[in-house]
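Here the structure comes first, spelled out in structure tokens, and everything after it is commentary.
In what follows, every chain begins at residue 1, and chains take the letters A, B, ... in the order their sequences are listed.
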Protein chains: 2
Amino acid sequence: MKSIGEEIQQAEFSDVYQKLGINILFTAAWFGERNRLALKDHDISLPQYNVLRILRGQKGKAISVAGLCERMIDKSSNASRIVDKLETRKLVLRRVCDKDRRQVDVVITEKGTALLEDLDKKVPTFKTIMSSQLSSQDADALNFALDQIRNQK
Amino acid sequence: MKSIGEEIQQAEFSDVYQKLGINILFTAAWFGERNRLALKDHDISLPQYNVLRILRGQKGKAISVAGLCERMIDKSSNASRIVDKLETRKLVLRRVCDKDRRQVDVVITEKGTALLEDLDKKVPTFKTIMSSQLSSQDADALNFALDQIRNQK
DNA sequence: TGCAAATATATGTATCTACATTTAATGTAC
DNA sequence: GTACATTAAATGTAGATACATATATTTGCA
């Protein structure tokens, strides 16, 4: 099995936390590579795919661009322009909100849902990737640990 | 404490592995934001900083551009151009390798080392971020779990 | 009401990334 | 040695990100 030290050819780390930080960054990048690979030849970028998934998660309810931002992992990426691209391809609809005309509501279209179903067959789920290596108890514990890490005083 | 579900406003996940995958991605992005913030106003990008750190880790030994790539977390980023930027600012030196003239050896300069020492004061270490929340035993266990995740059959 | 501050989104821009292609040097088979 | 494949790095490019700014709408309050 390849440890993080072997992956990035680094024999020593200043301490176990340094090693863990790099391990988290590396593992996230590794997931990203996998997903990008899966989406390749399907003419859709990873952020576009993620936005479509968030929209599907809304189950028909519209969501504002700001709401989309909150739900996106990469906060600084530009939701407005990602939605632009999706709208051009008629995968989503944009509609000015009546209650607050500054706000723009976004919903996924039939076409978007269909594409997403197709892509889901290509993109491995996290369960597929991890469940053979990690019990669900371990996964729970990991979730808790990561939540803790981000909530330091 | 804010759990991953609260962070991205997602009440339900299809399973605990899905939650964990997103948690890893989110935590990595959270680290990135922190570091980017720390480097802001210091006129150096995060990838540039990371390359400088790799070079320092070489302790004077030169490393090829390909070697740099292997050690970089984000494999697809363009080492050659990052080195360009660093060379322009005289933070690193580039030198064609005698043994294999296709290869280019890169070393950090005094100026680069000095800048890095300065930046290290600004950028929080992973130990600072995590040690109050996580015992070193827990960190060890997490490291092991992440290594396992990436080594599925 | 009228007007400044706040909010939601869009846009401008420089830089960075992803990926294909190019250039140059080396290795290998014949 | 020549020809072809392989390797190392650089470059061209389209598109994405980071960050500042602009535009439109709403809110709050004198």
ask   = Atom NZ of A:K99 and atom P of C:dA8: how far apart are they, to the nearest Å?
value = 16 Å
Contact list for residues 105-122 of chain B, test side-chain hydrogen bond (donor to acceptor under 3.5 Å, both in side chains), sequence neighbours left out = B:Y49-B:D120, B:R56-B:D120
ask   = Listed by chain and number, what are the side chain to side chain contact (heavy atoms under 4.5 Å, CB included) partners of A:A141, not counting sequence neighbours?
value = none
ask   = Do B:I108 and B:I44 sit in the same hydrophobic cluster, where Ile, Leu, Val, Met, Phe, Trp and Tyr count as joined when their side-chain heavy atoms come under 4.5 Å apart?
value = yes
remark   = Taken to the nearest whole Å, CE/A:M72 to C1'/D:dT17 is 11 Å
remark   = the helix from C:dT1-D:dA30 to C:dC30-D:dG1: angle between terminal helix axes, five bp per end, to the nearest 10 degrees, reads 10°
task = Go through the structure and list residues passing side chain to side chain contact (heavy atoms under 4.5 Å, CB included) with B:D140, not counting sequence neighbours.
result = A:V16
ask   = Looking only at side-chain N and O atoms, does A:Q48 come under 4.0 Å of OP1 or OP2 in D:dG15?
value = no
message = Once side chain to side chain contact (heavy atoms under 4.5 Å, CB included) is applied, do any residues pair with B:S135, and if so which ones, sequence neighbours excluded?
response = B:Q137, B:D138
note = A:L39 atom CG is separated from D:dA16 atom P, nearest whole Å, by 12 Å
task = Let me know the distance between CD1 of A:I82 and C1' of C:dT9, rounded to the nearest Å.
result = 14 Å
ask   = In B/S/- notation, 5' to 3', how is nucleotides 3-11 of chain D contacted by protein heavy atoms closer than 4.0 Å?
value = ----BSSBB
message = Run the ring-ring contact (aromatic ring centres under 6.0 Å, His included) test against B:F126 and tell me which residues pass, sequence neighbours left out.
response = B:F31
message = Under 4.0 Å, counting only non-hydrogen atoms across every strand here, what does B:K85 touch: a base, just sugar-phosphate, or nothing?
response = sugar-phosphate
Separation of C:dC19 P from A:D41 CG (nearest whole Å) = 10 Å
Distance in angstrom units between A:D43 CG and C:dC19 P, rounded = 13 Å
query = Could you give the OH-to-P distance, from B:Y49 to C:dT15, as a whole number of Å?
reply = 22 Å
inquiry  = Applying ring-ring contact (aromatic ring centres under 6.0 Å, His included), can you list everything that pairs with A:F13, at least two apart in sequence or on another chain?
reply    = none
query = Does A:R36 put a side-chain nitrogen or oxygen below 4.0 Å from OP1 or OP2 of C:dA18?
reply = yes
request  = Name the nucleic acid region contacted by B:E33, choosing base, sugar-phosphate or nothing; use a 4.0 angstrom heavy-atom cut-off, strictly under.
outcome  = nothing
request  = Scan for salt bridge (Lys or Arg N to Asp or Glu O under 4.0 Å) pairs involving residues 13-37 of chain A, sequence neighbours excluded, and state none if there are none.
outcome  = A:E33-A:R36
remark   = From CD of A:E70 across to C1' of C:dT9 the rounded distance in Å is 14 Å
ask   = Hey, does A:N50 have a side-chain heavy atom less than 4.5 Å from the side chain of A:I73?
value = no
